[in-house]
Every structure is written in C-alpha cells, then in structure tokens.
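Data first, discussion second: the structure below is written as structure tokens.
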Amino acid sequence: MAGRLEAALGGGARVEYKDGRFNITGLTGNVKIEGVEGEIAGPDGSTVKINPVKMMFGKESIQNVPNIKTVTSNAVNDTSILKGNLKLTLADGTSQEINVNNLSIPKSFADLAAEIQSKVGTGVSVSYTSDGKIQIQGTSKGFAIEGTDANGKALMNSLFGQDGMTFSSQMTADVKAGQNAILTVDGTVIERNTNTFELDGITMELTSEYHDTGTPISLTTSRDTDKIVDSLKSFVEDYNALVEELNEHLKETANYKKYPPLTDEQKKEMSDKEIELWEEKSKEGLLHNDANITSFLGDMRMVLYSSVEGAGLSLYDISIETSDNWRDNGKLVIDEDVLKSMVATNADAICKLFTDRGQGLGAGMQKALKDAANVSSGSPGTMVRYAGTKDVLTTSNTLYEEMKHISETLSNLNTKYQLEKTRYWNQFNAMEQAISNMNSQSSWLTQQFSS
C-alpha cells in the first residue's frame with residue numbers, strides 16, 4: 001500500500017509504514033488525498049463499509065498546502081455549528097484540545113478564532129474578519145487542526161472543506177542533540193548513553209527527568225525465589241530422567257543368545273528390514289546389569305548425599321531427598337513448600353551448596369560425569385575406556401581388546417584345527433594303505449594254500 005501511494009504522489013514524496021503507522025514526507029505541491037468508500041463482503045454474507053484513507057490516516061481526506069502564509073476560511077454565519085471537539089497539534093509534537101462547546105455564550109466565530117490564537121501562541125495571527133471569515137497568517141511556525149468527533153469534523157468542513165488542516169508544508173518537531181543520562185549513586189556520578197543500563201546486577205530504566213531535591217532515592221531489591229525454585233526443580237527433573245533411562249538399560253532382558261549374529265548366508269535369505277529388526281533384538285539387554293553404569297549411578301548418589309563445608313546444609317535439608325519407593329531406583333523427590341521456604345531464608349547457603357568450586361554439588365556431579373564419560377584420549381572415562389566412542393578411542397578400549405583377543409584365539413584354534421585335520425588325514429591314508437597291503441598278502445597266501 002505504501003509503495004503504491006508513493007508512486008501515485010510522485011516527485012520527492014516518501015511514504016513509509018513504520019511502527020504501525022503511515023508517514024508521508026516530501027510533499028511540495030497542493031496535494032489532497034481522499035478516500036472513496038467501498039464495501040467488503042464478510043464470510044457470512046454481510047458487508048462492511050471501508051474508507052482506505054481513513055483506515056490509514058484516521059480521517060477521510062488529508063491535504064498538503066505548501067508554503068502557506070495566509071489561510072482564510074469560508075464565510076459562515078450559522079453559529080449553530082459551533083460545537084464539537086478540535087485538536088491543535090504544534091510542530092514540536094505537543095497538542096492542545098479545544099472544546100468548542102465551552103465557548104462563551106452567545107458563541108461566535110470571533111470567540112473560536114481567539115481560542116485558537118490562545119492555544120497556538122505567538123508566531124501566528126488568528127483573527128475573525130469583517131466579512132465573517134477566520135483568517136490565519138504567519139503559518140511558518142507550523143501547526144495542524146482537526147476535528148476529533150462528528151461535530152468537530154462538521155465544523156472543520158464548514159470552515160475549510162475538510163476534517164483537518166495542516167498549516168505548513170514542514171510540520172516537523174524541533175530536534176535537539178541527545179544527552180547522556182547522568183545520575184549519582186552513593187556519591188559516585190555515573191554517566192550512561194542510554195536510559196536502560198545494568199548496575200550491580202540490577203537492570204535500571206530511567207523513565208523521567210529528576211532534579212536534586214535533597215532527598216535521595218532508595219531502591220529495595222528482592223530475590224526472585226520462584227525462579228530459583230524452578231531451576232532446582234529443573235535440575236531434579238533432568239537427574240530423574242537420566243536415572244530412569246539408565247535403569248531401563250540395566251533391567252533390560254538380554255536377547256543375544258536368542259538372536260546370535262547372522263552369517264552372510266543367512267543375510268542373503270533375509271530382507272533388509274528383517275536384518276534390521278534381528279540386529280535390534282540382538283542388541284537388547286547388552287547393558288543388563290552393566291558394572292560401569294551401576295558404578296556411575298552410585299557415584300552420583302554419593303555426590304548428592306554429601307555436604308558442603310561452609311554451606312551449613314545438605315540436599316535433604318532443603319527437602320530434596322531420595323524416593324522411599326525402591327522401584328524409583330534412587331530418583332529424587334521434592335517438598336516444594338519446604339523448598340520455597342528454604343530458598344527465601346537460605347538462598348546464599350543453597351547457592352554455595354550447588355556452586356562451590358571445590359565441594360559444590362555441581363562440581364561433584366561434573367566430576368562423576370567425567371569419570372564415567374570423559375572422551376579425552378588422555379584421561380578417558382570408565383565407559384569410554386570400556387567401549388570407546390564413535391569418534392574417540394575406537395581401537396583402544398576394553399571391548400576392542402576383548403574382541404581382538406577372541407579373534408586371535410579363533411585364528412589360533414583354526415590353525416590348530418587345520419594342522420590336526422591334516423595329521424589325522426595322513427594317518428588315515430597310511431592306515432588305508434596298510435590295510436590294502438595286508439589284504440593283498442592275505443589273498444596271495446590263500447591262493448598258495450589252495451594250490
């Protein structure tokens with residue numbers, strides 16, 4: 001819409017849509033924009049009347065009159081139209097309301113001119129002429145006047161032929177150079193180039209100018225206990241999710257005996273999906289009662305049960321404890337009411353409990369995780385040392401060494417089998433030859449005795 005209107009105005013006119021408003025700048029000629037009322041059909045068949053100019057600018061028409069020095073209204077003698085509300089906006093952006101209904105009785109257009117003069121101030125002359133017109137002179141100061149209700153708009157149309165009138169081609173506010181925000185905190189002068197800044201971890205916003213009256217301003221801060229409680233609850237939820245997942249692997253029934261590795265001949269007789277499902281079943285239960293996972297879970301529990309020197313409390317003191325139900329396998333439970341009370345009264349101690357660099361639960365949990373799953377080749381975790389990872393230590397871990405040993409054993413057994421097989425075949429062949437020789441001699445002896 002803004003682009004089409006700018007193209008229609010031509011010249012140096014600029015039309016922008018910003019912050020939900022349409023702005024027109026650069027008009028140099030006598031331009032009037034009027035909206036043509038139309039209708040839009042709704043989904044239920046009803047119609048709604050719209051005026052696009054009124055939707056964009058809040059009035060049915062707008063007009064730019066360049067370099068006006070003198071403006072004279074239409075001659076109107078009917079004082080019955082002297083009613084309604086007008087708004088006068090100066091070039092600096094300030095506005096004044098004119099309630100025509102409050103003019104002195106009997107009302108006159110001379111009174112209206114005087115009221116406008118009092119509102120606009122010096123630099124502009126507003127007078128009522130002898131021929132029954134309102135005349136405005138010296139409009140270089142710049143101001144706009146418009147009707148804000150039905151009666152006010154009717155009055156403006158009677159006088160100037162439109163709902164509102166801009167008395168200058170350059171209705172722009174005075175622009176002053178920006179100044180830094182300056183404030184004094186405990187005797188120290190602080191200067192910032194923005195009204196919103198952070199001081200001692202507190203975000204402040206200066207919303208108005210303040211002059212020293214001799215009375216200092218005091219600020220009172222309080223901790224957001226709900227946010228702290230939510231963070232602790234999130235920690236417990238993540239910990240419980242990890243415990244649940246690992247225990248599912250520990251309890252999973254092993255199927256590798258029922259689903260042994262497939263041979264190449266077997267794979268040729270199966271579809272890709274059948275092979276995939278077979279291999280999935282064969283991997284189930286591979287971590288059944290795995291010692292490394294069991295040890296890792298134990299290490300985390302030990303961390304949670306520990307106390308931190310200087311904090312003066314442990315996890316169970318703030319009502320985060322291990323579940324009494326053995327089926328939960330060491331999950332944590334929270335008494336939220338007690339936790340909120342402890343956070344409100346012992347926030348610093350709770351912070352030390354979790355964040356102390358040497359003994360805090362955070363440092364302890366991090367150490368337990370590194371001991372189990374650190375992927376560094378220099379100091380791999382127990383799980384990494386045992387099974388390796390996809391990208392680290394793929395050929396230097398316990399499982400690899402065990403598989404390598406099994407492969408070497410199979411190779412040695414196969415070699416021994418081939419040697420034994422060859423030895424037995426040689427003996428068998430020698431025995432066959434000896435039996436054949438004995439049979440030949442037996443036949444010869446039989447022939448000798450029979451002759």
I would like to know whether Asn374 and Leu369 meet side chain to side chain contact (heavy atoms under 4.5 Å, CB included); could you show each step before the answer? CA-CA 7 Å; Asn374 189 25; Leu369 288 167; over 6 Å; no
For Ile293 and Leu287, what are the C-alpha separation, side-chain angles and deciding distance, and is it a side chain to side chain contact (heavy atoms under 4.5 Å, CB included)? CA-CA 8 Å; Ile293 295 178; Leu287 297 177; 3.8 Å; yes
In sequence, state the C-alpha distance, the side-chain angles, and the governing distance for Asp163 and Asn157, and then conclude on side chain to side chain contact (heavy atoms under 4.5 Å, CB included). CA-CA 6 Å; Asp163 293 348; Asn157 274 284; 2.6 Å; yes
Set out, in order, the CA-CA distance, both residues' side-chain angles and the distance that settles side chain to side chain contact (heavy atoms under 4.5 Å, CB included) for Tyr239 and Leu304, then state yes or no. CA-CA 11 Å; Tyr239 174 81; Leu304 296 178; 3.4 Å; yes
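A side-chain donor-acceptor contact under 3.5 Å links Glu252 to the backbone of Gly285. Using modelled atom types, one side-chain atom of Glu274 and one backbone atom of Ser271 make a donor-acceptor pair closer than 3.5 Å. Asp328 places no side-chain N or O within donor-acceptor distance of the main-chain N or O of Gly330, the cut-off being under 3.5 Å. No side-chain donor-acceptor contact under 3.5 Å links Ser295 to the backbone of Ala291. Asp356 contributes no side-chain N or O that, together with a main-chain N or O of Leu353, makes up a donor-acceptor pair within less than 3.5 Å. The main-chain N or O of Leu332 is found under 3.5 Å from a side-chain atom of Asn240 such that the two form a donor-acceptor pair. Looking only at distances, no side-chain donor or acceptor of Arg385 sits under 3.5 Å from a matching main-chain atom of Asn397. Between the side chain of Ser73 and the backbone N or O of Ile134 there is at least one donor-acceptor pair closer than 3.5 Å. Side-chain N or O atoms of Trp278 include one that pairs as donor or acceptor with a backbone N or O of Pro260 at under 3.5 Å. No side-chain donor-acceptor contact under 3.5 Å links Gln359 to the backbone of Val308.
For the pair Leu250 and Asp290, the minimum side-chain heavy-atom distance is below 4.5 Å. Two residues are said to be in side-chain contact when any heavy atoms from C-beta on lie closer than 4.5 Å; Ile275 and Leu262 meet this criterion. Counting heavy atoms from C-beta outward, Leu315 and Leu361 have side chains that approach closer than 4.5 Å. Considering only heavy atoms from C-beta on, Asp238 comes within 4.5 Å of Ser234 through its side chain. Two residues are said to be in side-chain contact when any heavy atoms from C-beta on lie closer than 4.5 Å; Met300 and Leu242 meet this criterion. When side chains are defined from C-beta on, Asn247 counts as touching Leu297, because their heavy atoms get closer than 4.5 Å. Using a 4.5 Å heavy-atom threshold, the side chains of Leu103 and Glu115 count as touching. Between Asp299 and Val303, every side-chain heavy-atom pair lies at or beyond the 4.5 Å cut-off.
Taking CD1 from Ile98 and NZ from Lys119, the interatomic distance works out to 6.5 Å, rounded to the nearest 0.5 Å. Considering CG of Asp226 and OG of Ser231, their distance stands at 10.5 Å, rounded to 0.5 Å. The structure places NZ of Lys352 at 11.5 Å from CZ of Arg357, a figure rounded to the nearest 0.5 Å. Put simply, CG on Asn292 and OG1 on Thr382 are 4.5 Å apart, with the number rounded to the nearest 0.5 Å. Annotation: the span from Leu286 atom CG to His288 atom NE2 amounts to 11.5 Å, rounded to 0.5 Å. The CD1 atom of Ile350 lies 6.5 Å from the CG atom of Leu313; values are rounded to the nearest 0.5 Å.
Shortest non-hydrogen contact noted between Met156 and Ile145 is CE-O, 3.6 Å. The shortest non-hydrogen separation linking Ser282 to Tyr259 is CB-O, 3.2 Å. The nearest pair of heavy atoms linking Thr225 to Ala344 is CG2-CA, 4.0 Å. Considering every non-hydrogen atom in both Gly152 and Leu86, the closest pair reads O-CD2, 3.6 Å. Of all heavy-atom pairs between Asp335 and Ser319, the closest is CB-OG, 2.6 Å. Among all heavy-atom pairs drawn from Asn255 and Lys281, the shortest one is CB-O, 3.2 Å.
Side-chain contact of Ser108 with Asp111: a donor-acceptor pair under 3.5 Å is present, judged by distance alone. Checked by atom type, the side-chain pair Ser323/Asn325 shows no donor-acceptor distance below 3.5 Å. Side-chain contact check for Asn101 and Asn99: at least one donor-acceptor pair (N or O, by modelled atom type) lies under 3.5 Å.
Under the side-chain hydrogen bond (donor to acceptor under 3.5 Å, both in side chains) test applied with Asn85, the options Asn151, Asn102, Thr148, Asp149 reduce to a single match, Asp149.
Centroid-to-centroid, the aromatic rings of Phe235 and Phe354 come within less than 6.0 Å.
The pair Asp371-Lys367 counts as a salt bridge, with a side-chain nitrogen and a carboxylate oxygen less than 4.0 angstrom apart. Taking a cutoff of 4.0 Å between a charged side-chain nitrogen and a carboxylate oxygen, Glu146 and Lys153 do not qualify as a salt bridge.
Applying the 6.0 Å contact sphere to CD of Glu97 captures more than 12 heavy atoms from other residues, nucleotides or ligands. More than 12 heavy atoms of other residues, nucleotides or ligands sit less than 6.0 Å from atom CG of Asp78. Dense packing is recorded around CE of Met270, with more than 12 heavy atoms of other residues, nucleotides or ligands lying under 6.0 Å away. Other residues, nucleotides and ligands contribute over 12 non-hydrogen atoms within 6.0 Å of the NZ atom of Lys331.
Under the 30°/60° scheme for interplanar angles, the aromatic rings of Phe109 and Tyr128 are found to lie parallel.
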